[in-house]
Amino acid sequence: MNEQQQIEALRRELEQHNYNYYVLSSPTITDKEFDDMMHRLQELEAAHPECYDPNSPTQRVGSDLTKEFAQVEHRYPMLSLANTYSEAEVRDWYERVRKGLNESFDVVCELKYDGTSISLWYEQGKLLRAVTRGDGVKGDDVTANVKTIRSIPLRLQGDYPLQVEIRGEVLMPWAVFEALNKEREAQEEPLFANPRNAASGTIKLQNPALVAERNLDAYLYYVLGENLPSDLHSENLMAARSWGIKVSENFRVCHSVDEIMEYIAYWDAERKNLPVATDGIVLKVNSLRQQRTLGLTAKSPRWAIAYKFQAEQACTRLNSVSYQVGRTGAVTPVANLDPVQLSGTVVKRASLHNADIIASLDLHIGDMVYVEKGGEIIPKITGVDKDARLLIGDKVTFIKKCPECGAELIRYEGEAAHYCPNEAACPPQIKGKIEHFVARKAMDIDGLGTETIALLYENGLLHNMADIYDLKVPDLARLERLGLKSAQNIKRACEASRNVPFERVLFALGIRFVGETTAKKIAYALHDIDRIMSATVEELMTVDEVGERIARSVVEYFSQPVNREIVERLRAYGLQMALSEEKLASRTEKLQGLSIVISGTFALHSREEYKEMIERNGGKNVGSVSSKTDYILAGENMGPAKLEKAQKLGVKIIDEQQFLQMLEE
Ligand code: IVH
């Protein structure tokens, strides 16, 4: 066997082992043997770049290359399902189908997996593209990320159609989800509320290598195409399984509504033993011909429906309510409960959300309350068992003063939350602002996590963001848990942050409503901090995408002497307080007034860079093609539907070279 043949043989063999392990859950070799085989393949591929294959098993480790996702139009729109919550509603649906068909029919019952939906497009048996649901018409091309999911075959086996779309759910198994959250807690990163959010967050990461580490899984439940093996959905699922696709074992063909009810009752209890989250049952008319007869409504098919499980409830005593103050000053009420078992964990606290919710529950201390977990990690109180009230305790009323600093709370018009307005002296707000200041997208000062900031604050070394630059290595090193090395690293990161561009400094200040993009817009329009500090509401409102709410917030921020003082200190430390000469000089009006859509993937610059170039040259980067679009900057893999629309509207399509040429001229 020559090396090319060895490569091909290893690929086949590794694919088979992947399948045995991730789809069948019955590996036939040890992990070590698998890894050795993978290494051998990597070596051979490195020696033979001409044998590159994007669908080789080596591609599953993911590369570090990041690029924004291209938007892709779905060949068949991705509809959602109508939800039902009771047996009666399911029976109603069954009746409607019976009347609509006027002949006998079967219903396939499946578990409703609670992850994020994905569409896989296979051509000649090769995974060509994986796209998220998006808005149902078009989604993000997340192929590189999906390739890291080991249970999704990169090449089909057996007798598959030449073109086929397979849809299903990308999931994060409970065990992976819990481990991930534990790790995030240790790293002081925000936790994912549930496996669904974790799965959809992960599939949208810009770094496939990170996705690969997250160990996602997938179940596929829908086969679409022109030449399907059967008229029966259930048969197509079986066929897909024979192609190597992971189809759940747990679907069942039901011949009557009673069988459907049995299935629902069985899985309502049994689902708790599954390794992944489910939130209901999906019912589908089995025959594709009958599906076509029934057709669709605007949003969902008539031939399918979802039955959602009731969230699990527990009843326990409310002992007290405490209040937490977040970094923006928002005050969250939290119920402290008698510990109670709920969906496998002990619950002691539950969110009460806001004053309106407390009032509508008519809560009293000592009440027996119902708690639910509905897929979320933080349980919530959904009701009170008023019959269980023996003695009525104190009525729960929302506090008037901040529990952290004593300031009078305020409630902005139209908002549900109460706020502590004492931004400059309320401890959790100060700490929160500092956390925001050092965040990666702001000043990017590594080494200052939530706990370290709290430690420095409590030791009197930090009162506001400007103090960060006054920190001395010996002071830091003396603190418990830090040590000399971390202290030096923090100091170095502070020094380095002097080069952070002005637009990010502006964002780092943490002005209410001024996010990353808004900060950029304001910086580009007004150039330096002095002009921004003295700008009026009207002036600010001339900036693209800045409305009255944002403009007022900026003016209000700089009207406070404490904030001006912070800016002056930051300026004195050498932070960037104006757009760099280079950025200013490179600003042109070459694209003034032009609306440009970016589509596809590019070779010379990232999408983010092109966006920046458009804006820097006076143009506007817009999301979708319309009659107002002047150009489409098209890379590879531009969606066919977008292309068609552009041609119909007569929008000019240019490639990278042509675009860069326009800027050269
Ligand atoms: S079938 C037209 N089957 O639930 C039929 N969906 O609102 C389309 N889901 O977005 C979906 N498990 O992400 C189907 N066994 C299953 C499912 C399932 C989970 C999700 C899917 C879809 C949503 C329905």
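Whatever order the structure lists them in is the order used to number ligands and atoms, beginning at 1.
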Suppose we measure from [atom] to each protein heavy atom; which comes out shortest, and what is that distance?
atom: atom 20 (C) of ligand 1; answer: Glu169 OE1, 3.5 Å
atom: atom 12 (N) of ligand 1; answer: Tyr113 N, 3.0 Å
atom: atom 10 (O) of ligand 1; answer: Ser117 OG, 3.6 Å
atom: atom 23 (C) of ligand 1; answer: Lys112 NZ, 4.0 Å
atom: atom 8 (C) of ligand 1; answer: Leu79 O, 4.0 Å

Is [X] close to ligand 1, meaning an N/O of one under 3.5 Å from an N/O of the other?
X: Glu110; result: yes
X: Thr116; result: no
X: Tyr221; result: yes
X: Tyr222; result: no
X: Leu81; result: yes

ask   = Name the one of Thr132, Thr143, Asn145 that satisfies side-chain contact (heavy atoms from CB on, under 4.5 Å) with Phe69?
value = Asn145
task = Would you name the heavy atoms of Cys109 and Cys254 that are closest together and state the gap between them?
result = SG-SG, 3.7 Å
query = Using the benzene-type ring in the case of Trp, are the ring centres of Tyr160 and Tyr122 under 6.0 Å apart?
reply = no
message = Can you confirm whether or not the ring centre of Tyr94 sits under 6.0 Å from the ring centre of Phe105?
response = yes
note = side chain to side chain contact (heavy atoms under 4.5 Å, CB included) filter on Asp217, not counting sequence neighbours, yields Ser151, Pro173, Lys246
message = Working note: Glu73 + Lys645, criterion salt bridge (charged side-chain N to carboxylate O under 4.0 Å, His left out); need CA distance, chi angles, decisive distance, verdict.
response = CA-CA 12 Å; Glu73 196 125 346; Lys645 190 163 177 195; over 6 Å; no
inquiry  = Salt bridge check, Arg155 against Glu15: does any charged N sit closer than 4.0 Å to a carboxylate O?
reply    = yes
message = Below 30° counts as parallel, above 60° as perpendicular, anything between as tilted: where do the rings of His233 and Tyr222 land?
response = perpendicular
query = Parallel, tilted or perpendicular: which describes the rings of Phe309 and Tyr307, with under 30° parallel and over 60° perpendicular?
reply = perpendicular
Measuring from non-hydrogen atoms of [X] to any atom of ligand 1, is the shortest distance under 4.0 Å?
X: Lys284; result: yes
X: Leu111; result: yes
X: Pro301; result: yes

task = Go through ligand 1 atom by atom and flag the ones less than 4.0 Å from a non-hydrogen atom of Ser80.
result = 7 (O)
